[in-house]
Structures are given as structure tokens and as C-alpha cells.
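We're numbering straight along the sequence, starting at 1. Just follow the structure's listing: the first ligand is 1, and inside any ligand the first atom is 1.
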Amino acid sequence: MENVKAKKYLGQHFLTDKNIAEKIANSLQYQGNVLEIGPGMGILTDFILQNPKLHVAAIEIDHESVDYLHERFPNLTLYQEDFLKFDIHQIFNEPFAIIGNFPYNISAPILFKLLEMRDIIPELTGMFQKEVAQRICTKAGSKEYGILSVLLQTFFHCDYLFMVHEGVFNPPPKVKSAVIRLTRKENFRLSCNEKLYFQVVKAAFNQRRKTMRNSLKSFAGIEKVDEITLQKRPEQLSFDEFITLVQKIES
Ligand code: SAH
């Protein structure tokens, strides 16, 4: 592993601490199909493969890692593909959880893909850059609160689990990392138009210093929203309040 030259443009920071890898693997609560994104040299893969309750597949973009993984785990179902471009239905047609020490350069697209495919993804557990992990889990009112916080908290229980120091990676990243678990809310139904909901949340945070009135003035029906809400800034609204707002717009 010392000889492997990590590729920065692929966000390669290989975890070197087996205890932490095991802790991440144990943080996954779902039992059944699991897809690992970016297994790299397989430190996490090794632990999830040992769990008899999991049916593991992995998707890794880097051919050198893939060659290595094929040798190390001959029975692993492994796809050399870009997670963002690959049609995941080719791997699983039924529900599956996602796990990984994710490539941080594509954190947001991974999370938007999770939102898009949430009907068949009951859980995502894994490591992101610490700031991203905090932003996802933080409640309304903090300045880190943003689009992904609202949208993910709408559909998932978001738990910040633990922080990981940069020294346990090869090469060490410039930032700290943290492990989170997103568990889909069962029996939750969005009680407003979904497309409009996503549009409103995005428009509100596109100009996060402005009031809701200012950011949302192009939405027909905005005058039906109460004055107190319209004077707020987007980071002051919980996902429930965003839902109520959209219900009023479309009423
Ligand atoms: N899980 C490993 C590696 C983490 S580094 C460990 O903990 O050590 C992130 C990994 O994601 C790298 O192996 C990188 O090659 C891979 N990767 C980067 N972009 C990817 C993409 N679009 N699709 C799939 N894998 C990707």
C-alpha cells in the first residue's frame, strides 16, 4: 500500500486505521444489500465483507484500485465506474444502503443522487469532510445550515457520529473528517409539491443573506405566505417550516 500513489483529482485519501474502518462498518445499521462507493484499497470493504448479514457490491472509478481489489477480494462484486454516471439499477433493483469513505470532491453530487434515489436507498453511512458532515446534520439557526441540510433532513434522520483526524489517512487530507448516518424516515410523505419544494429551498439559499420575501418574489402565490415568515432568512427555517411555506404558495 505504501507504493500506491494516491490520485488527488480522484479525492484519494486512503484510511490507514483499521479500528476506524471497523467503527464505520459497524455504524451501518441496514442489513441486506450494501453498495460501497470508492473502496480504494479496501480497508472498509474488508470489514463489510465479514458481516454475513450484508450483500456487498462496490463501485470504484480508479483502475489501479480495481486491479488491486480484484486480487484481494476475488468474490467481490465490483464495478469500475463513476458512481455519478453509472446506472445503479444495473447493480441493485431492490433497496440497498450506501457506505463509504467518500471522495470529498464529489460529496454534494453523491448526496443529491441519494435524494433522487431515496425510494430505494434506506440508509447512507460514511465519511465526509467534517464541515460537510456538520452542515448536513446541523439544525436551523446555524450559519452552516443550507440546501443539503434542509433537503436531507426532510427525508432522512441525520446523525453526526464521530470525528476523524487527518493523520489516519494516506496522504493526510487538509481537512478533518467525520462520519454520519442518514436513515430514511419510514412512512414519511412530503405534503406539498416535491418539484416546487426543491425549487423553493434552492432559490431561498441561493441568496442566503436576503429575506424569503426577496429571494422568492418570482414565485406565484408568495403573497399568501405570512409576513413573519417572509421577513426571515432561509437559515432560520426548519424543513417543516419550508413545507408549510410551499403549501401556502401552492394553495
Ligand atoms: N474507501 C477507501 C478510499 C477512500 S478515498 C479508504 O477508506 O481508504 C475515495 C475513493 O473514491 C478513491 O478510491 C477514489 O478512487 C474513489 N472515487 C473517486 N471518485 C469516484 C467516483 N466518481 N466513483 C467511484 N469512485 C470514486
What atoms of ligand 1 come closer than 4.0 angstrom to any heavy atom of [X]?
X      : value
Phe83  : 21 (C), 22 (N), 23 (N), 24 (C)
Gly11  : 5 (S), 9 (C)
Ile43  : 6 (C), 7 (O), 8 (O)
Phe14  : 3 (C), 8 (O), 13 (O)
Ile106 : 21 (C), 22 (N)
Asp62  : 15 (O)
Leu15  : 6 (C), 7 (O), 8 (O)

Consider every N or O of [X] and every N or O of ligand 1, then say whether any pair is closer than 3.5 Å.
X      : answer
Leu44  : no
Asn101 : yes
Pro103 : no

**OP:** Just let me know how Ala21 lines up against ligand 1, side chain, backbone, both or neither, with a heavy-atom cut-off below 4.0 Å.
**Re:**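 The answer is neither; Ala21 stays 4.0 Å or more away.
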
**OP:** Mind checking whether Ile59 contacts ligand 1 via backbone (N, CA, C, O), side chain (CB onward), both or neither, at a 4.0 Å heavy-atom cut-off?
**Re:**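 Only the backbone of Ile59 comes within reach of ligand 1.
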
Subject >> Heavy-atom closest contact (Asn19 atom, Asp17 atom, distance) >> reply: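 Residues Asn19 and Asp17, closest heavy atoms: N-OD1, 2.8 Å.
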
**OP:** Provide the closest heavy-atom pair for Ala204 versus Phe242 in the form atom of the first, atom of the second, distance.
**Re:**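 In terms of heavy atoms, the two residues are closest at CB-CE2, 4.0 Å.
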
Subject >> Best match, Gln12, Lys85, His13: closest heavy atom to atom 12 (C) of ligand 1 >> reply: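 Shortest heavy-atom distance from atom 12 (C) of ligand 1: Gln12.
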
Original post:
Considering the options Phe128, Phe14, Phe169, which one meets the side chain to side chain contact (heavy atoms under 4.5 Å, CB included) requirement together with Asn101?
Top reply: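 So the option named by the test is Phe169.
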
Subject >> Gln29 side chain near Thr125 side chain, heavy-atom distance below 4.5 Å >> reply: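 No, too far: nothing below the 4.5 Å cut-off.
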
Original post:
Are Ile20 and Met163 connected in the hydrophobic side-chain network, where two residues link if heavy atoms are under 4.5 Å apart?
Top reply: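 Shared cluster, no.
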
Original post:
Out of curiosity, does Tyr145 fall in the hydrophobic cluster containing Val132 (side-chain heavy atoms, cut-off under 4.5 Å, transitive links)?
Top reply: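 Hydrophobic grouping puts Val132 with Tyr145.
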
Contact between [X] and ligand 1, counting heavy atoms under 4.0 Å?
X      : value
Glu81  : yes
Met41  : no
Gly100 : no

**OP:** Start with the C-alpha distance between Asn51 and Val56, add both sets of side-chain angles, then the distance that settles side-chain contact (heavy atoms from CB on, under 4.5 Å), and finish with yes or no.
**Re:** CA-CA 9 Å; Asn51 183 339; Val56 181; over 6 Å; no

Original post:
Between Asp62 and Gln12, is any side-chain donor less than 3.5 angstrom from a side-chain acceptor?
Top reply: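 Indeed, the side chains of Asp62 and Gln12 share at least one donor-acceptor pair under 3.5 Å.
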
Original post:
Under the side-chain hydrogen bond (donor to acceptor under 3.5 Å, both in side chains) criterion, do Thr45 and Glu36 qualify, and how do the steps go?
Top reply: CA-CA 7 Å; Thr45 324; Glu36 183 182 359; 2.7 Å; yes

Original post:
What pairs with Thr154 under side-chain contact (heavy atoms from CB on, under 4.5 Å), at least two apart in sequence or on another chain?
Top reply: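 Result, side-chain contact (heavy atoms from CB on, under 4.5 Å) vs Thr154: Val150, Phe188, Leu190, Tyr197, Phe239, Ile243.
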
